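Keep in mind that what you see is a predicted model, and the values were worked out from it rather than measured.
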Amino acid sequence: MKSNLVTLTDSKSVAAEAYRTLRTNIQFSSYDQEVRVITVTSSRPAEGKSTVACNMAITFAENGKKVLLVDTDLRRPTVHKKFKLPNSLGIVNVIMNMELLHEVVHHDVTEGLDIITSGVIPPNPSELLGSRKFQRFIDEMRDQYDTIILDSPPLLAVTDAQVLTTLSDGTVVVAQHGVTKKDEISQAKDLLEKVKGNILGVVLSQIPPEDNGYYYYYSYEDKKTAAAKNARRSKK
């Protein structure tokens, strides 16, 4: 396994514990609706959203959930690389033919975690993800899994993540420490709100080790709590 799957390779680390905290925050993010289908995206490429999605999936499975991780980044897929899985068949094939599902799912990659990779990159990703066939796939997977995590493309590049957000119970936005600009996060937020997406929060990734963390979770619904934490940190 690659080292960025810290929840597997270094499960007692600060970073792994941070992912468990993220899992807990998501589980308690809504009192009215259970969050079962989660889209993970970012504003721009290479911000660590796939790493976050993979580690999130592992921690949900560790918590006794039956979890499905789907690589819906049909432009630059990486989930198969992180878990060293074959990628000749994937979600693209399932959308075209649901009967192939049993051939595509990688069962118990870690205990409780099933994975569907992307498959061969198609010429029309947005159309496939916005199709009725994909919606039917999500509906059927809800009956089989406790948690479904969708690793999606960046928001500012293509419309795929917006499409996926409409099928999800909530969306997590990943921003890279020291790289992502405030206006990029703001634009990403606006795009999600246009499709009435439920923004669960922002994960700040790749924080330097001296800051004692791999990411910082910012709850979209709890700005006062986040501000208080920042204030306490500044006094230290």
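- Using a 4.5 Å heavy-atom threshold, the side chains of Gln135 and Leu167 count as touching.
- Partners of Glu127 by salt bridge (Lys or Arg N to Asp or Glu O under 4.0 Å), not counting sequence neighbours: none found.
- Looking at Thr117, its side chain does come within 3.5 Å of a backbone N or O of Leu89 through a donor-acceptor pair.
- Formation of a donor-acceptor pair under 3.5 Å by the Asn93 side chain with backbone atoms of Gly90 is found in this model.
- In this structure, the side chains of Val203 and Val173 stay at 4.5 Å or more apart for every pair of heavy atoms.
- Under a hydrophobic clustering in which Ile, Leu, Val, Met, Phe, Trp and Tyr are joined whenever their side-chain heavy atoms come within less than 4.5 Å, directly or via other members, Met56 and Ile138 fall into different clusters.
- Residues Ile58 and Tyr19 are not in side-chain contact: their nearest non-hydrogen atoms beyond the backbone lie 4.5 Å or more apart.
- The two residues Leu113 and Ala57 make their nearest non-hydrogen contact at CD1-CB, 3.8 Å.
- Lys49 pairs with exactly one of Thr39, Asp73, Thr78 by the side-chain hydrogen bond (donor to acceptor under 3.5 Å, both in side chains) rule, that one being Asp73.
- Between Ile38 and Ile26 there is a side-chain heavy-atom pair separated by less than 4.5 Å.
- Remark: the backbone N or O of Ser152 is not paired with any side-chain donor or acceptor of Asp160 at under 3.5 angstrom.
- At a threshold of 4.5 Å between non-hydrogen side-chain atoms, the residues Val105 and Ile116 count as touching.
- With Glu184 contributing its side chain and Lys181 its backbone, the two residues share a donor-acceptor pair below 3.5 Å.
- Shown here is Lys66, whose NZ atom has more than 12 heavy atoms of other residues, nucleotides or ligands within 6.0 Å.
- The ring pair (Phe, Tyr, Trp, His ring centres under 6.0 Å) contacts involving residues 122-164 comprise Phe134-Phe137, where partners must be two or more places apart or lie in separate chains.
- The shortest side-chain heavy-atom distance between Leu191 and Leu156 falls under the 4.5 Å cut-off.
- Here the rule is side-chain hydrogen bond (donor to acceptor under 3.5 Å, both in side chains) with Ser50, and of Asp151, Asp71, Asn55 only Asp151 fits it.
- Counting only distance, with no hydrogens or angles, the side chain of Arg75 and the backbone of Pro125 share no donor-acceptor pair below 3.5 Å.
- Checked by atom type and distance alone, the side chain of Ser186 never pairs as donor or acceptor with a backbone atom of Lys182 at under 3.5 Å.
- Checked by atom type and distance alone, the side chain of Ser131 pairs as donor or acceptor with a backbone atom of Leu128 at under 3.5 Å.
- Rounding to the nearest 0.5 angstrom, the gap separating the CG atom in Asn198 from the OG1 atom in Thr166 is 13.0 Å.
- Annotation: Arg142, atom CZ; neighbour count of heavy atoms from other residues, nucleotides and ligands within 6.0 Å is above 12.
- Between Arg23 and Lys65 the shortest side-chain heavy-atom distance does not fall below 4.5 Å.
- At a threshold of 4.5 Å between non-hydrogen side-chain atoms, the residues Leu150 and Val37 count as touching.
- Screening residues 98-125 for ring pair (Phe, Tyr, Trp, His ring centres under 6.0 Å) gives no qualifying pairs among residues at least two apart or on separate chains.
- Defined by atom type and a distance below 3.5 Å, a donor-acceptor pair is missing between the side-chain atoms of Ser11 and Arg20.
- In this structure, Val52 is a member of the same hydrophobic cluster as Val109, with clusters built from ILVMFWY side-chain heavy atoms closer than 4.5 Å.
- Around atom CE of Met98, more than 12 heavy atoms belonging to other residues, nucleotides or ligands sit under 6.0 Å away.
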Inset, instruction - Tell me, with the steps shown, if Val79 and Ser118 meet side-chain contact (heavy atoms from CB on, under 4.5 Å). - result: CA-CA 8 Å; Val79 169; Ser118 64; over 6 Å; no
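- Of all heavy-atom pairs spanning Lys82 and Asn4, the tightest one is NZ-ND2, 3.1 Å.
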